[in-house]
Structures are given as C-alpha cells and as structure tokens.
Amino acid sequence: MAAKRVLLLCGDYMEDYEAMVPFQALQAYGVSVDAACPGKKAGDACRTAVHQPTGHQTYTESKGHNFALNASFDEVDPAEYDGLVIPGGRAPEYLAMDEKVLDLVRKFSDSKKPIASVCHGQLILAAAGVVRDRTCTAYPAVKPVLVAAGAKWEEADTMTKCVVDGNLVTAAAYDGHPEFISLFVKALGGTVTGSNKKILFLCGDYMEDYEVMVPFQSLQALGCHVDAVCPDKSAGDKCPTAIHDFEGDQTYSEKPGHDFALNASFDSLDTSSYDALVIPGGRAPEYLALDDRVLSLAKGFMDKGKPVASICHGQQILSAAGVLQGRKCTAYPAVKLNVVLAGATWLEPDPIHRCFTDGNLVTGAAWPAHPEFVSQLMALLGIKVCFA
C-alpha cells in the first residue's frame, strides 16, 4: 500500500501543468493520488488549459491535454485522505461556487490535514472561509479576493513564490512546483534521501509538453539539480512544446503546449558532471537523432553506464546512437521499428503506463507512464522518499 493518500480537486479548464505535475510526481514518490471532479465519475475526463505569459497584459489560454479522472466525486470521503491538492486555471472560478466543494475543503481544513493550492486555486480557499488570518500567496490577480477573505497577503515577487502557514501550502503559479511539491511532501511527513544528484535533460523544439515538464519538476522537487539544454540554444532560450493526446483519431492529436525555458547552454556542457540523462519524447527526437553532437552525448552516458531515462519517441535518439544493441526496452509503439532494427529486444508497453529498467536504461512508452518512469529512475539514482 502507498504510504499516503491524497485527493486532487479537479475541474474543466484547470491549468494543465497544475493538475498533472503534482498528480504524477506524488505517485512517483509512492503516494496514492485520487483525482475527482464535481459532477463526474472515475473514467471521465476534464479538459485542461495552457496558461502562459506571452508579452501581453495577462496570460494567454489554449487547450491542453484531456485529464483522466480516477475517482468519483460523490464517493469521496475526506476522512480517507491525508491531504488535498487544488490546481489553478479557470476551474476554481466556478468550483468556488459549489457548496459541495467548499464543504469538502472545510473538512480538510478543520482536520488540519495538509492543503496545497496553486495559482487561482486559492479562490476556493477564500470562498470556503479557511484563509482568515492565514498567510498565503497566489497568482497576483487573486490578491483582492484573498485580502477580502481576511488572509495575510504575501506578494509573489516571482512566479516561483511559495508560502507555508501551518497545514496550508500556497504557490503563485506552476513555476513554483518544485518547492510547492517539496513543501507538500514535507507536510505529509515525507523525507527525501539521496537527492544530491545532477541530471541533464536533452530538449528540442516540439518535444512533448508533459514529457519534459513532469519529470523535470518532479526531480527538482526531490532536491536534484536539473539542467535542460537544447542544441544551438542557450540558457534563457525557450523550446516550444507539443501536446500529444488521444481524441478518437487513428493517431494522437497535436496542439501547441507551453514554452519550456532552458536553464543551461548546450555548447558549454561538461557531461562528466552529470549523474543521469533524461530524453523526452514528442517530435523533437526525429530531428535530434540526425545531430551527431546529440548522438555522441547519448552514447557517452550509455558507455559510462550512467542512468539514462528515455520516453516515447526519445528512443529514436538511442536507436540512432547505436546504444540499444542487446538491450531490452520499450517505446511508443510506432517507434518499435527503430528499436528492433537497432538490435534491441522489444518489450510491449501493455498497458501504456508500463516502464522497464534494463541495467542503466529506463524506458517508457508515453506520458501516462511518468509515475513508473520517474520512480524507476529514482531507484537507479538511489533517491528515496519515506513517510513517517
């Protein structure tokens, strides 16, 4: 059994990252997470929104992934959970008018169980009347509501801002996920060991949105130093991402995702200083696999036996680098041809969230596999999360 059980309070057009990153990160750490939405049941989906600043007076919105719920709201009993997570986005605007939602939040608050709320999620806390005399932050536009509800406002000088007041953890935006998730894990009684690791992410334009950000922030939340690089780009540059989802067509659909900010420069890399390599999927690996610098980098990690974690189409890079001969691995099913022709033994990803470890190599088929993907990489790196 999982050490802890947490509820994720969902709604249509919650922010894409703010739902999936904590959902999958916590599962990777061994926490059982139920995602529920008023008026919906397990197996239903919530649409999500991609919110990001693009130089205008406020953030832009586009459609994100469809988020699959795994619990029915009407069957949720707060007494059975150890904590609550509230994503932001536009969903909190109408969830804050739902008395069943407010009653649920009050029960978590009254029992002093940890509540972690991000961005616009604090609208629900204000409507539930649980922020009076509590210090908290939020997306800046939420300030007037929190102040009117009696909260002690703490300005978000950057979008990474997080605040803890007793059992309440609040954050300004998804930029603060690493600290936000870390603080929530601590509030649940969790401790992390073995996290003094340095990890490199190999990025490219139109890598899959979830497949870069979920493991990136999950590993940061553990205390790892994580660098993201892209050939011909420098720290501070951005990579556009792609949202790949299944919406009833013969193959996945593609929509624009968030812009992902790089924090290191490819040309000045010292790969010997890193303990592991992570390769996201999406469309980027198709052309990165043609870059000899990329292939040399991947081959260097594999030859030295350092952990390499590759997901979805990322295995196109490993195939082109000639490092899969005699290895056992999986990938997105359409990449099977690359894997088999590279001399690997194909492992069927059935179900799609299956991941496999073969020596220093972790492979997964698609972003639903992130909990196993991150967990198996943690095991190779000797990182553990334990709960009191």
Do F73 and V101 come close enough that some side-chain heavy atom pair is under 4.5 Å? yes

Residue pair V31 / F387, side-chain heavy-atom distance below 4.5 Å: yes

Distance-only, no hydrogens or angles: does the T48 side chain make a donor-acceptor pair with backbone N or O of H65 under 3.5 Å? yes

Are E247 and K255 ion-paired here, with the side-chain N under 4.0 Å from a carboxylate O? yes

Can you measure from CG (D237) to CG (D205) and round to the nearest 0.5 angstrom? 10.0 Å

Any luck finding a side-chain donor-acceptor pair between E154 and T137 under 3.5 Å? no

With side chains defined as the heavy atoms from C-beta onward, is the minimum distance between I124 and S117 less than 4.5 Å? no

Audit row: S310, I317, side-chain contact (heavy atoms from CB on, under 4.5 Å) steps and yes/no: CA-CA 9 Å; S310 183; I317 293 172; over 6 Å; no

Return yes if a side-chain donor-acceptor contact under 3.5 Å exists between S273 and K198, otherwise no. yes

Side chains of L125 and I115: does their closest heavy-atom pair fall under 4.5 Å? yes

Whether K143 and E155 form a salt bridge (side-chain N of Lys/Arg under 4.0 Å from carboxylate O of Asp/Glu) is what I want to check. yes

Report the C-alpha separation of C312 and E208 in whole Å, then their side-chain angles, then the decisive distance to 0.1 Å, and conclude whether the side-chain contact (heavy atoms from CB on, under 4.5 Å) test is met. CA-CA 9 Å; C312 195; E208 212 288 329; over 6 Å; no

Evaluate the side-chain proximity of V339 to C329: yes if any heavy-atom separation is below 4.5 Å, no if none is. yes

Parallel, tilted or perpendicular, judged at 30° and 60°: which one describes the rings of H258 and Y17? parallel

What I want to find out is whether K107 reaches D103 closely enough, with some N-O distance under 4.0 Å, to be called a salt bridge. yes

Count the heavy atoms of every other residue, nucleotide or ligand shown that sit under 6.0 Å from NZ of K306, and state whether that count exceeds 12. yes

Where do T330 and E348 come nearest, in terms of heavy atoms and distance? OG1-C, 4.2 Å

Taking all non-hydrogen atoms of both residues into account, name the closest pair between I199 and Y274 and its distance. C-CD2, 3.6 Å

Grouping I, L, V, M, F, W and Y whenever their side-chain heavy atoms are under 4.5 Å apart, do M14 and L69 come out in a common cluster? yes

When rounded to the nearest 0.5 angstrom, what distance separates CE in M159 from OH in Y59? 11.5 Å

NZ-CD1 distance between K63 and I243, expressed to the nearest 0.5 angstrom: 11.5 Å

If you apply the rule side-chain contact (heavy atoms from CB on, under 4.5 Å), what do you find for D232 with F266, and how did you get there? CA-CA 7 Å; D232 302 318; F266 188 89; over 6 Å; no

Taking a hydrophobic cluster as the set of Ile, Leu, Val, Met, Phe, Trp and Tyr residues connected by side-chain heavy atoms closer than 4.5 Å, whether directly or through intermediates, do L361 and F356 fall within one such cluster? no

Is the charged tip of R47 near the ring of Y13: under 6.0 Å from the six-membered ring centre and within 45° of its axis? no

Q376 and T357: side chain donor to acceptor below 3.5 Å: yes

Using the rule that Ile, Leu, Val, Met, Phe, Trp and Tyr join whenever any side-chain heavy atoms are under 4.5 Å apart, tell me whether L104 and V33 fall into a single cluster. no

Rounded to the nearest 0.5 Å, how far does CG of L8 lie from CG of D34? 9.5 Å

Nearest heavy-atom approach of D82 to K113 is O-CB, 3.8 Å

Could you tell me whether a side-chain N or O of Q24 sits under 3.5 Å from a main-chain N or O of W367, the two making a donor and an acceptor? yes

Determine, using ring centers only, whether H370 and Y210 are less than 6.0 Å apart. no

Nearest 0.5 Å, what's the CG-OG distance between L26 and S218? 8.5 Å

Is there a chain of hydrophobic side chains (I, L, V, M, F, W, Y, each step under 4.5 Å between heavy atoms) that links V118 to V163? no

Output yes when D291 and R293 qualify as a salt bridge under the 4.0 Å nitrogen-oxygen rule, no when they do not. yes

Should K152 and D165 count as side-chain neighbours, where that means a heavy-atom distance under 4.5 Å? no

What verdict does the side-chain contact (heavy atoms from CB on, under 4.5 Å) test give for R283 and E254, after you've listed the backbone C-alpha separation in whole Å, the side-chain angles of each residue and the deciding distance to 0.1 Å? CA-CA 10 Å; R283 282 198 292 111; E254 179 171 301; 2.8 Å; yes

Counting only N and O atoms by type, is there a donor-acceptor contact under 3.5 Å from the side chain of S319 to the main-chain atoms of Q315? yes

Rounded to the nearest 0.5 Å, what's the gap from CG on D358 to OG1 on T345? Could you check? 8.5 Å

Tell me, do E18 and H51 make a side-chain contact under 4.5 Å, heavy atoms counted? no

Side-chain heavy-atom pair R327, N360 within 4.5 angstrom cut-off: yes

Which word best sums up how the rings of H120 and Y139 line up, parallel for under 30°, tilted for 30 to 60°, or perpendicular for over 60°? parallel

Treat each ILVMFWY residue as a node, draw an edge where side-chain heavy atoms are under 4.5 Å apart, and state whether L377 and L200 are in one component. no

Which of parallel (below 30°), tilted (30 to 60°) and perpendicular (above 60°) describes F216 and F260? perpendicular

Salt bridge between D303 and K299, side-chain N to carboxylate O under 4.0 Å? yes

